[in-house]
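Below is one structure, written out as C-alpha cells, with a few remarks after it.
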Amino acid sequence: MTNLLLATTENTDNQNSQYTPLNDPEIAGVVAHINEEHLDELLGFLSVFTSLSTAELDLVDAQITDIYAEGIAIQTCPKGVENQSTAAQNSSLYNQTFFIAFAAPISQLDDLQAQYILLKQRADKKLGKKTIKLTKQVFEVQNSYRISKNMLRLELSMPSLSDVEGAKSSNVSTYQRSGLRVLV
C-alpha cells in the first residue's frame, strides 16, 4: 500500500481530486474532534506511514484536513516554536499534506470508525504500542428505573463464556442521559 506525499499546498488541490470526498454534514465535526483530541494518533500515523523522521515529527503538529472514501489527508503545521530562525530553517516541514490510505474504502461516515481504528492498530503495532480492539457486545435490558432526575439505571444481561450451556450473567449499568455514559 502506497502512502502519497503531497509536497506542497499548491499541489494539494490537484492531487486530492483523485480521491472521493464524503458528502456528509457531520464530517466537519468528526475532523474537529480528531484534531482536538487525537493529535498523538495523527503523529503516530505520520511516523509509521510516511518518511518523516522522529526529529522532524518533534517539530510539527498535525491535523486532518479532509476525509475521503479512500483515506485521510493529514497536514503538518508548526509546533509552538519560539525560535523563529529554527522555524524558518524547517519551513519545508510545514504545510505538507500526506494521504494515508484506509485498508478498504468507505462509502459512508458510519464506516469511518472501523477504518480509523484499523489504521491506529497498524500504526501502534509498528510502533510497538498496545492498541485498542473493536468488540461488539450485545446486551438485553432486564429492568430499568430512575435513580434521579437525570439518571436511569439499567439492569442488563449479556452472554458469558458459559452461555454455551444457556447460562447468562447479569451486569448493572448506569445510563446518564446528558452524557450518554454507561458505567459497567
Side-chain angles (χ1 to χ4, degrees), residues 1-137 179-181:
M1 177 180 333
T2 304
N3 295 311
L4 302 175
L5 162 63
L6 308 176
T8 65
T9 54
E10 287 120 25
N11 291 340
T12 302
D13 293 334
N14 294 336
Q15 293 289 336
N16 287 350
S17 65
Q18 67 185 339
Y19 305 117
T20 311
L22 292 178
N23 294 321
D24 190 302
E26 294 181 29
I27 288 281
V30 170
V31 168
H33 166 75
I34 293 172
N35 288 339
E36 290 172 12
E37 302 295 329
H38 300 278
L39 174 63
D40 56 334
E41 293 168 6
L42 298 178
L43 291 171
F45 294 165
L46 292 175
S47 173
V48 169
F49 302 122
T50 71
S51 61
L52 290 177
S53 70
T54 304
E56 290 171 321
L57 287 170
D58 288 342
L59 300 173
V60 298
D61 279 335
Q63 62 182 13
I64 291 180
T65 56
D66 216 336
I67 299 173
Y68 300 97
E70 299 84 4
I72 56 176
I74 301 176
Q75 185 175 41
T76 57
C77 51
K79 196 175 266 192
V81 179
E82 292 95 26
N83 185 343
Q84 292 298 330
S85 64
T86 303
Q89 289 171 354
N90 296 305
S91 63
S92 64
L93 290 174
Y94 307 141
N95 299 320
Q96 290 188 44
T97 301
F98 298 85
F99 180 79
I100 310 293
F102 293 138
I106 62 175
S107 58
Q108 58 190 4
L109 190 59
D110 292 342
D111 301 330
L112 176 63
Q113 180 185 21
Q115 288 302 314
Y116 184 89
I117 289 175
L118 286 172
L119 280 177
K120 179 168 172 31
Q121 289 171 332
R122 285 181 30 222
D124 286 349
K125 184 176 181 180
K126 287 186 178 183
L127 293 170
K129 292 180 168 182
K130 275 184 120 176
T131 193
I132 59 175
K133 293 181 183 178
L134 275 181
T135 58
K136 183 175 182 177
Q137 294 289 331
L180 202 63
R181 288 191 182 129

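Side-chain atoms are counted along with the backbone in the values below, which use heavy atoms only and exclude waters and symmetry mates. Quick caveat, the model's predicted, so the values are computed rather than measured.
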Using the rule given for side chain to side chain contact (heavy atoms under 4.5 Å, CB included), can you reason through Lys79 versus Asp61, listing the C-alpha separation, both sets of side-chain angles and the distance that settles it, and then say yes or no? CA-CA 5 Å; Lys79 196 175 266 192; Asp61 279 335; 3.3 Å; yes
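- In this structure, CZ in Phe99 is found 10.5 Å from OG1 in Thr65, a value given to the nearest 0.5 Å.
- Rounded to the nearest 0.5 Å, atoms CD1 (Ile34) and CD (Gln63) are 12.0 Å apart.
- Taken to the nearest 0.5 Å, the NZ atom of Lys129 stands 6.0 Å off from the CG atom of Asp40.
- Across all non-hydrogen atoms, the minimal contact from Ala62 to Leu42 is O-CD1, 3.8 Å.
- Just one residue in the list Glu70, Gln113, Gln115 forms a side chain to side chain contact (heavy atoms under 4.5 Å, CB included) with Ile106, and that residue is Gln115.
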Might you work through the side chain to side chain contact (heavy atoms under 4.5 Å, CB included) test for Tyr19 and Asp66, ending with a clear yes or no? CA-CA 10 Å; Tyr19 305 117; Asp66 216 336; over 6 Å; no
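- Contact record, Ile64 with Asn35: N-OD1, 2.6 Å, taken as the closest heavy-atom pair.
- The side-chain hydrogen bond (donor to acceptor under 3.5 Å, both in side chains) test with Asp124 is passed by exactly one of Lys120, Gln121, Arg122: Lys120.
- How far CG of Leu57 is from CG of Leu43: 6.0 Å, rounded to the nearest 0.5 Å.
- Contact check for Pro105 versus Thr20: no side-chain heavy atoms found under the 4.5 Å cut-off.
- Summarising the geometry of Ala123 relative to Gly44, their closest heavy-atom pair is CB-O, 4.3 Å, with the distance given to 0.1 Å.
- Considering all non-hydrogen atoms of both residues, Leu112 and Phe102 come closest at CD1-CZ, 3.6 Å.
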Taking it one step at a time, do Ile100 and Thr50 satisfy side chain to side chain contact (heavy atoms under 4.5 Å, CB included)? CA-CA 9 Å; Ile100 310 293; Thr50 71; 4.2 Å; yes
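- Across all non-hydrogen atoms, the minimal contact from Ala101 to Leu119 is O-CD2, 3.4 Å.
- Atoms CD and CD1, on Glu41 and Ile74 in that order, are 10.0 Å from each other to the nearest 0.5 Å.
- Of all heavy-atom pairs spanning Ala73 and Tyr68, the tightest one is CB-CE1, 4.1 Å.
- Using a 30° and 60° split on the angle between ring planes, Tyr116 and Phe45 fall in the perpendicular class, above 60°.
- Using a 4.5 Å cut-off on side-chain heavy atoms (C-beta onward), Gln75 and Asn95 make contact.
- Atom-to-atom distance recorded for Glu26:CD and Asp110:CG is 8.0 Å, nearest 0.5 angstrom.
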Taking it one step at a time, do Asp24 and Val30 satisfy side chain to side chain contact (heavy atoms under 4.5 Å, CB included)? CA-CA 10 Å; Asp24 190 302; Val30 170; over 6 Å; no
